[in-house]
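Keep in mind that this is a model prediction, so the values were computed, not measured.
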Protein chains: 2
Amino acid sequence: MKHEYFSSVLKKCGVKVTKQRVAILEVFEEGCKPISAEGIFGVLKKSKKVSVDLATIYRNLQVLEAHKVIRRVDLRGDSQLYELGGHHHHHILCTACGATEGFDFCIANTIEKHVVKQSKKFKVITEHAVELFGICSECVSKSKK
Amino acid sequence: MKHEYFSSVLKKCGVKVTKQRVAILEVFEEGCKPISAEGIFGVLKKSKKVSVDLATIYRNLQVLEAHKVIRRVDLRGDSQLYELGGHHHHHILCTACGATEGFDFCIANTIEKHVVKQSKKFKVITEHAVELFGICSECVSKSKK
DNA sequence: CTTGTATTGCAAACTGTTCGCATTACTGTA
DNA sequence: TACAGTAATGCGAACAGTTTGCAATACAAG
């Protein structure tokens, strides 16, 4: 199932299928939220199924990002977060409690068209980041008390 | 002129007007581009007008950001970049050579409305980041050679 | 099963950033 | 203009997150 799926993903990338890599991908899938290297390390340490070195995690995050299996998420935290590549979406972060939520729609294409039209320097846009920051309803009600 | 202007900005913030702070703000104004603590340090070192410790720069970046005199820019680099608060805009970064350009229009309000409408969790949005990544025309033509 | 090479674990190095503390220099008041 | 109180600075050391070198390991192809 999952294991086989991730194996095939790794094979398609042309990299070796190791238990560490599969374990890392499983953490991503189960978590459903952007997570850091240290975060993955913590999850795997607790689970005790596989022991993976932190350096190995960092190296694999690079490999997986290069093959677009995962992508970086810029949420202004102390450490770099990643999530499964899957479908395109963006995030909103609660600056009070750190809660995150994804949102599916994206009008970056519109922005990109504008930029390409107006900019002399840039005609090729390969990626974009759209992240919102706010206060989640829970924190709003807390602060009113 | 500039010096007096920055002094008044600092006074409005209720912080002391020091030559270091003014020097830092001058670097921001002259550079016209997002710059890092280390970057500011380098500029000031070369100029030799004022010597400012790196720790002082970091501390002041925090102070200035807290007072919204400057703002953070998330361009996925090794270090955190900042720019003068001034008018609202976003950036596009060339992933090949690091060149940046600002663009003025912004449809984040539209996205924000969507999010507020669709999300149960978030009704209050305070900030947003919209950054594009691409290849600048110069790098495109270089790669074709 | 064997072999070649990618990958891992471990420890050490590095980089960007923060902190503690004594010294300095702003700012408000006399 | 001098003075006192306090915020801000410089310096060094500490830190967190991340990267690297290298020997040992384990995957993949034959």
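- Distance B:Lys16 NZ to D:dT9 P: 9 Å, rounded to the nearest Å.
- What separates CD of B:Gln80 from P of C:dT15 is a distance of 19 Å, to the nearest Å.
- When the P atom of C:dT17 is taken as reference, atom CD1 of B:Ile40 falls 11 Å away, rounded to whole Å.
- Close to C:dT8, at under 4.0 Å from its OP1 or OP2, lies a side-chain N or O of A:Thr18.
- Taking only side-chain nitrogens and oxygens, A:Thr56 comes nearer than 4.0 Å to OP1 or OP2 of C:dG9.
- Looking at B:Asp104 and B:His88, their side chains never bring a donor and an acceptor atom within 3.5 Å of each other.
- Residue-to-nucleotide proximity on DNA chain C shows that, of A:Val52 and B:Lys11, the 5′-proximal contact is made by A:Val52.
- Within the 4.0 Å cut-off from OP1 or OP2 of D:dT9, not a single side-chain nitrogen or oxygen of B:Arg59 is found.
- Rounded to whole Å, atom P of C:dT15 lies 10 Å from atom CD of B:Glu38.
- Taken to the nearest 0.5 Å, the CG atom of A:Leu61 stands 10.5 Å off from the OG1 atom of A:Thr56.
- Phosphate contact (OP1/OP2 of D:dT18, side-chain N/O of A:Gln62, threshold under 4.0 Å): absent.
- Among the atoms of the strands shown, none is found under 4.0 Å from any heavy atom of A:Ser36.
- Whole-Å rounding puts the A:Glu65 CD to D:dT18 P distance at 12 Å.
- The distance from atom CG of B:Leu54 to atom C1' of C:dT15 is 11 Å, rounded to the nearest whole Å.
- Between the side chains of A:His128 and B:His90, not a single donor N or O lies within less than 3.5 Å of an accepting N or O.
- A:Val17 comes within 4.0 angstrom of the backbone, heavy atoms only, and of no base.
- Considering only side-chain N and O atoms, B:Tyr58 lies under 4.0 angstrom from the phosphate OP1 or OP2 of C:dT17.
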Derivation of the salt bridge (charged side-chain N to carboxylate O under 4.0 Å, His left out) call for B:Arg71 and B:Glu65: CA-CA 6 Å; B:Arg71 82 166 78 88; B:Glu65 193 202 357; over 6 Å; no
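- With hydrogens and angles left out, the side-chain atoms of B:His91 and B:Glu101 include no donor and acceptor closer than 3.5 Å.
- Listed pair A:Gln20 / C:dG9 meets the phosphate criterion, a side-chain N or O lying under 4.0 Å from OP1 or OP2.
- Computed from coordinates, the B:Leu61 CG to C:dT18 C1' distance equals 13 Å when rounded to whole Å.
- Map B:Ala55 and B:Arg21 each onto its nearest nucleotide of DNA chain D; the residue landing nearer the 5' end is B:Arg21.
- For the pair B:Asn60 CG and D:dT9 P, the computed distance is 5 Å after rounding to whole Å.
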